[in-house]
Amino acid sequence: MTNVIAERAPLAGPESLAAPPAGRRDEFWRGLWVVAYRELLRLAHDKARLASSLAQPLLFFVMFGAGFKRAIGGMAPGVDFIQFLFPGIIAQTVFMTSIFSGLSVVWDREFGFLRELLVAPISRFGIVAGKVVGGAILAVAQAAVVLCLGPFLKVHLTLEIILTVIPLLVLFSFALSSLGILMASRISSQQGFQMMMQLFIMPMIFLSGAFFPLNNVPPWLSVVSRLNPLTYGVDAIRHAFLDPVAKAGAHPLPFNVVWFGHAMTLWEDAAVIGVIGAGLLAAAIQAFSSQE
């Protein structure tokens with residue numbers, strides 16, 4: 001009897017098992033929407049995390065801005081320490097929010113929700129994309145709030161600067177959210193993830209030039225800083241804010257990223273971020289696809 005059934009049953013080859021292209025697209029968009037919406041909803045209900053993420057930039061302004069403005073003085077002709085610090089604080093806000101988006105992967109794994117996602121009729125690419133999009137939206141929204149503080153801190157802010165900065169923040173947050181997802185896919189506990197983040201976060205921030213210029217550091221430290229992806233995000237955002245000041249005074253900025261005597265431009269920084277982000281996203285998808 002078994003032999004008869006086996007003879008009558010059609011063999012399911014790869015073509016019959018594969019989902020049609022339209023079905024794959026539906027699974028991708030369904031996964032992206034569900035996961036991204038859940039990330040936004042989670043933050044909306046986490047008032048403590050929302051308040052702390054907005055209070056942290058203010059704390060850095062008080063600690064570094066008020067504390068070092070008078071001691072350090074001008075950074076370049078027409079640029080004081082607050083104007084130099086402000087783009088770094090925005091980049092740091094995007095970095096912190098984006099990188100910790102990976103914590104939700106570890107959280108979901110510990111509480112069993114990730115298992116439900118992996119067996120649901122949605123693509124794993126869509127799950128990763130939803131995590132990245134959700135983290136990027138949160139990061140850009142929080143950076144936009146910090147951006148609104150510019151006029152109160154006497155930072156030169158125009159519509160042209162805003163229209164330049166926002167796409168940079170989107171690109172930057174996508175790259176860093178992908179890095180957070182990639183790291184979280186290899187870590188099994190919240191404690192391990194937080195320890196790993198603390199091990200990387202502060203060195204990456206201080207080696208990015210967000211708070212202090214890196215033009216007078218030892219050569220080995222300059223090389224390390226140029227290998228830091230956060231450095232190019234800080235440099236790009238600083239270009240957007242300070243290039244108009246530099247052009248008005250006809251003085252080049254002395255603290256931009258330099259490779260072999262060439263000072264990186266805004267668009268070169270953006271290209272580097274895009275390449276790094278694409279690589280990190282591909283690595284995150286590959287790592288997440290191997291999850292069991």
Side-chain angles (χ1 to χ4, degrees), residues 54 56-58 60-61 64-65 69 74-99 136-177 204-215 225-226 228-259 262-278:
L54 295 177
Q56 190 177 51
L58 297 177
F60 277 109
F61 275 123
F64 290 98
K69 179 180 179 181
M75 304 296 297
V79 180
D80 61 18
F81 185 62
I82 292 295
Q83 291 174 309
F84 170 84
L85 181 65
F86 190 73
I89 295 294
I90 291 178
Q92 181 260 345
T93 302
V94 173
F95 173 67
M96 294 291 289
T97 305
S98 300
I99 204 75
I137 292 175
L138 296 178
V140 173
Q142 292 179 6
V145 173
V146 179
L147 194 63
C148 295
L149 299 176
F152 300 98
L153 298 172
K154 298 181 180 180
V155 175
H156 182 66
L157 194 63
T158 64
L159 180 61
E160 181 182 359
I161 292 176
I162 294 174
L163 294 179
T164 304
V165 167
I166 295 299
L168 289 175
L169 295 179
V170 173
L171 180 64
F172 193 35
S173 60
F174 266 86
L176 294 175
S177 296
M204 288 182 69
I205 290 176
F206 282 104
L207 289 175
S208 67
F211 301 138
F212 304 102
L214 299 171
N215 53 329
S225 69
R226 282 177 288 180
N228 179 7
L230 183 56
T231 301
Y232 300 94
V234 172
D235 195 53
I237 297 171
R238 189 164 283 146
H239 268 296
F241 276 94
L242 299 183
D243 275 355
V245 179
K247 290 178 181 178
H251 294 288
L253 299 176
F255 32 73
N256 292 133
V257 178
V258 177
W259 274 100
H262 170 71
M264 299 283 288
T265 66
L266 184 152
W267 303 114
E268 290 171 343
D269 286 326
V272 171
I273 297 170
V275 171
I276 293 175

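For clarity, every value in this text was computed on a predicted model and none was experimentally measured.
- To the nearest 0.5 Å, the span separating CG on L85 from CD on Q92 amounts to 9.5 Å.
- Closest heavy-atom contact between I237 and P87: CG2-CB, 3.7 Å.
- Using a 4.5 Å heavy-atom cutoff, the side chains of L147 and L157 are in contact.
- In this structure, H239 and D269 approach most closely via the heavy-atom pair CD2-OD2, 3.4 Å.
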| task | Please assess L207 against T231 for the test side chain to side chain contact (heavy atoms under 4.5 Å, CB included), listing each intermediate value before the final yes or no. | result | CA-CA 7 Å; L207 289 175; T231 301; 5.7 Å; no

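- Taking the side chain as every heavy atom from C-beta outward, I205 and M96 approach each other to under 4.5 Å.
- Between L171 atom CG and L176 atom CG the span is 9.5 Å, to the nearest 0.5 Å.
- What you find for E160 and T164 is that their closest heavy atoms are O-OG1, 2.8 Å.
- R238 places a side-chain N or O within donor-acceptor distance of the main-chain N or O of F84, the cut-off being under 3.5 Å.
- F241 approaches H156 most closely through the heavy-atom pair CD2-O, 4.0 Å.
- The distance from the OG atom of S208 to the CG atom of L214 is 7.0 Å, given to the nearest 0.5 Å.
- The 12-atom threshold is not exceeded at CH2 of W267, counting heavy atoms of other residues, nucleotides or ligands nearer than 6.0 Å.
- Taking all atoms of both residues into account, the shortest heavy-atom contact from V234 to A210 is CG1-CA, 3.9 Å.
- Within the 4.5 Å cutoff, the side chain of M204 has no heavy atoms near those of the I99 side chain.
- For the atom pair CZ of F212 and CZ of F206, the computed distance is 7.0 Å after rounding to the nearest 0.5 Å.
- Taking CG of D243 as the reference point, atom OG1 of T265 lies at 8.5 Å (rounded to 0.5 Å).
- Side-chain atoms of R226 never come within 3.5 Å of backbone atoms of V257 as a donor-acceptor pair (strictly under, hydrogens ignored).
- Separation of atoms OH (Y232) and CG (L266) is listed at 14.5 Å; rounding is to 0.5 Å.
- Between I82 and K154 there is no side-chain heavy-atom pair separated by less than 4.5 Å.
- Closest approach of A139 and V94 over heavy atoms only: CB-O, 3.9 Å.
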